[in-house]
Amino acid sequence: MAIHNNEIASALERLADLLDIEDANPFRVRAYRNAARTVGGYSRSMADMVEHGEDLSKLPEIGKDLADKIKTMVETGKLPVLNEAESRTPPALSDLMKIEGLGPKRVKILYQHLDIHSLEDLKRAANKGKIRELEGFGKKTEAMIKQRVERYSGAEKRTKLLVAQEVASALIKYLKRSQGVKQITVAGSYRRRKETVGDLDILVSAKKGSTVMTRFVNYEEIIEVISQGKTRSTVRLQSGLQVDVRVVPQVSYGAALHYFTGAKAHNIAVRKLGVKQGYKINEYGVFEDDKRIAGKTEAEVYQAVGLPYIEPELRENRGEIEAARKGKLPQLITQDELCGDLHAHTKASDGHHSLRQMAEAAAQLGYQYLAITEHSHRVTVANGLDKTRVLKHIKEIDKLNAQLDDIQLLKSIEVDIMEDGSLDLPDDVLAQLDLTVCSVHYKFNLSRTQQTERILKAMDNPHFNILGHPSGRLINEREPYDVDLERLMQGAKERGCFVELNAHPDRLDLTDDACLLAKEIGLKVAISTDAHSTNDLDFMHFGIGQARRGWLTADDVINTRPLNQLKRLLRRD
DNA sequence: GCCGTTTTCGGCCCGACTGTTTTCAGTCG
């Protein structure tokens with residue numbers, strides 16, 4: 001089994017932790033962390049790149065040394081420097097650093113003076129009151145450690161964007177009632193439209209920061225106030241979500257928004273550009289000596305370092321700064337460029353509304369078309385349609401279309417891809433449809449090769465148009481099936497097929513990296529909601545956010561085309 | 001360990017908050 005990018009990234013991260021505890025050169029430690037971030041967030045697999053003989057040292061933050069180390073990991077599965085570090089320093093010390101408030105210095109002291117090797121040791125020492133006796137520690141620190149080690153559950157859980165949105169909008173409504181508030185924005189990965197968020201970063205401009213903070217820390221859903229200051233406070237909510245609120249003066253709002261939107265690596269890169277030009281950039285503005293020369297808007301900050309405005313979804317330091325410098329930023333797709341939605345269910349299978357209700361809801365959104373894609377027979381739990389019912393459904397759609405003015409329903413089906421690569425309906429039925437969405441719902445556990453061959457074979461069917469939710473994952477709930485996505489995308493491109501970006505907030509399948517990969521390959525994408533009710537049609541904005549993170553433009557997306565153009569694109573001959 | 005439109009050596013982003021301290025180190029984002 002080929003090693004995954006995230007395994008390489010976590011090995012580098014672990015190595016950085018151990019070296020940090022050993023008091024190694026902090027810049028070397030940072031170099032490992034930077035490299036881990038590059039590898040973890042890269043759109044193509046290191047294993048594939050090594051196999052193709054590509055030069056890894058061309059990647060940002062990866063030099064000759066790290067390129068060799070990554071190559072070794074791909075080829076042997078081992079990172080010798082990590083093994084050496086683990087023989088000098090107990091590996092579990094890296095786990096201790098996952099406890100909030102424990103960094104390398106404290107972990108080292110705990111290890112050297114109390115012989116603490118593990119989370120268990122730490123818990124015991126805290127309970128016995130040993131930690132407060134250490135120099136630099138005290139009662140409060142001990143209590144903090146005790147509380148957090150109890151609550152620590154291992155895997156850090158990120159919150160899905162839909163849930164974050166619900167929490168954020170309630171909190172914003174509450175904060176807006178604070179006196180003197182001028183602007184509020186949810187920044188951080190939420191603003192970058194990342195599919196999950198680790199915490200919420202809320203930026204506020206107000207006459208008096210302390211008034212806002214007092215109100216904030218009294219929010220009823222708070223279970224712990226982690227820190228409280230005049231300009232910044234951090235709390236944890238009952239839901240487990242951590243929320244940071246920061247207050248800045250209006251004149252700094254743009255600089256602060258830029259700073260708190262991140263991503264961190266993007267900010268660092270922008271700051272470095274500033275330093276080169278003799279500026280200091282922080283959350284209060286861009287400074288030349290002690291004079292503020294920019295910062296009221298984000299555009300001003302970028303302008304100061306000679307760049308055009310960069311959209312939040314692009315700020316991940318994966319080439320956007322270079323692209324901006326060359327004037328090659330993509331014109332990111334916007335929701336109003338869409339002409340329709342290509343994946344929706346009705347009561348006929350497992351949806352909640354009728355054909356007419358779905359059509360009217362889609363017309364309300366200004367769409368020209370909506371594809372009706374019931375499940376096929378194989379998906380019995382979703383009341384999938386067999387041949388007879390599909391033919392009947394087609395007639396009903398024709399009848400309704402004759403009555404509709406503003407919108408057309410497209411005759412379609414979400415047909416199952418069977419284990420042998422055939423489709424779950426006969427060709428003569430598929431031939432009568434406007435398009436097909438073809439999906440895998442069973443047999444997730446095939447080998448990578450088998451799964452890839454299965455789907456490629458399905459694409460050989462001339463009626464195959466769009467590969468639905470291509471990885472099958474459910475965020476935080478179900479891992480994707482193992483498949484060679486790059487090969488699938490190449491195969492789709494060669495055959496005149498497309499891939500779906502399923503906009504459902506539990507799926508968001510393609511990932512942002514996969515969107516980048518599709519774009520690189522030149523494969524066009526359908527952004528579809530997979531709506532099971534009229535309300536679900538509004539999930540489209542999640543898909544748009546993900547597409548924008550994947551650098552997609554209107555041209556890269558097929559459902560930006562008016563109906564006649566779409567039909568031409570879907571023809572495979 | 002990475003990086004370079006002043007550099008292949010000598011830099012490496014910057015500020016807020018906490019707790020334990022009497023002026024600051026550690027941690028975090």
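Here is the naming used below: chain letters follow the sequence lines, and residue numbers restart at 1 for every chain. Basis for what follows: all heavy atoms, side chains included, without hydrogens, waters or symmetry-related copies.
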Can you tell me if S233(A) touches the phosphate of dC17(B), counting only side-chain N or O atoms and a distance under 4.0 Å to OP1 or OP2?
no
Has K280(A) got a side-chain N or O lying under 4.0 Å from the OP1 or OP2 atom of dG15(B)?
yes
Using only heavy-atom distances, determine whether the side chains of S252(A) and R292(A) contain a donor-acceptor pair under 3.5 Å.
yes
Could you verify whether a donor N or O on one side chain and an acceptor N or O on the other, from H266(A) and E316(A), lie under 3.5 Å apart?
no
Looking just at side-chain N and O atoms, do R158(A) and T196(A) make a donor-acceptor pair shorter than 3.5 Å?
yes
Nearest to the side chain of R30(A) - dT27(B), dC12(B), dC17(B)?
dC12(B)
Please measure how far the C1' atom in dT22(B) lies from the corresponding atom in dG29(B), and state the result in whole Å.
28 Å
Whole-Å distance, D201(A) CG to dC28(B) C1', equals 12 Å
Going by the angle between their ring planes, with limits at 30° and 60°, are Y309(A) and Y302(A) parallel, tilted or perpendicular?
perpendicular
N282(A), nearest nucleotide to its side chain (from dG15(B), dG19(B), dA16(B))
dG15(B)
Which one, dT20(B), dG15(B), dG29(B), comes nearest to the side chain of D244(A)?
dG29(B)
Work out how far the C1' atom of dC17(B) is from that of dC12(B), and round it to whole angstrom.
25 Å
R215(A) to Y174(A) six-membered ring, cation-pi geometry met (6.0 Å, 45°)
yes
For E142(A) and dG26(B), give me the distance from atom CD to atom P, rounded to whole Å.
19 Å
Has S227(A) got a side-chain N or O lying under 4.0 Å from the OP1 or OP2 atom of dC28(B)?
no
Using atom OH of Y259(A) as one end and atom P of dC28(B) as the other, report the distance to the nearest whole Å.
14 Å
Flag for S57(A)-D55(A): side-chain donor and acceptor within less than 3.5 Å:
yes
Counting only side-chain heavy atoms from C-beta out, which of dG19(B), dT27(B), dA16(B) sits nearest to R106(A)?
dT27(B)
Hey, does the side chain of Q228(A) come within less than 4.0 Å of dT18(B)'s phosphate (OP1/OP2), counting only N and O?
no
If you measure from the C1' atom in dT6(B) to the same atom in dG1(B), how many Å do you get, rounded?
23 Å
Contact state string [nucleotides 1-10 of chain B, B base, S sugar-phosphate only, - no protein heavy atom under 4.0 Å]
BSS-------
Return the pairing partner of dT8(B) with a 3.5 Å limit on both distances, Watson-Crick or G-U wobble; otherwise return none.
none
Among dT18(B), dG15(B), dG29(B), which nucleotide sits nearest the side chain of Y284(A)?
dG15(B)
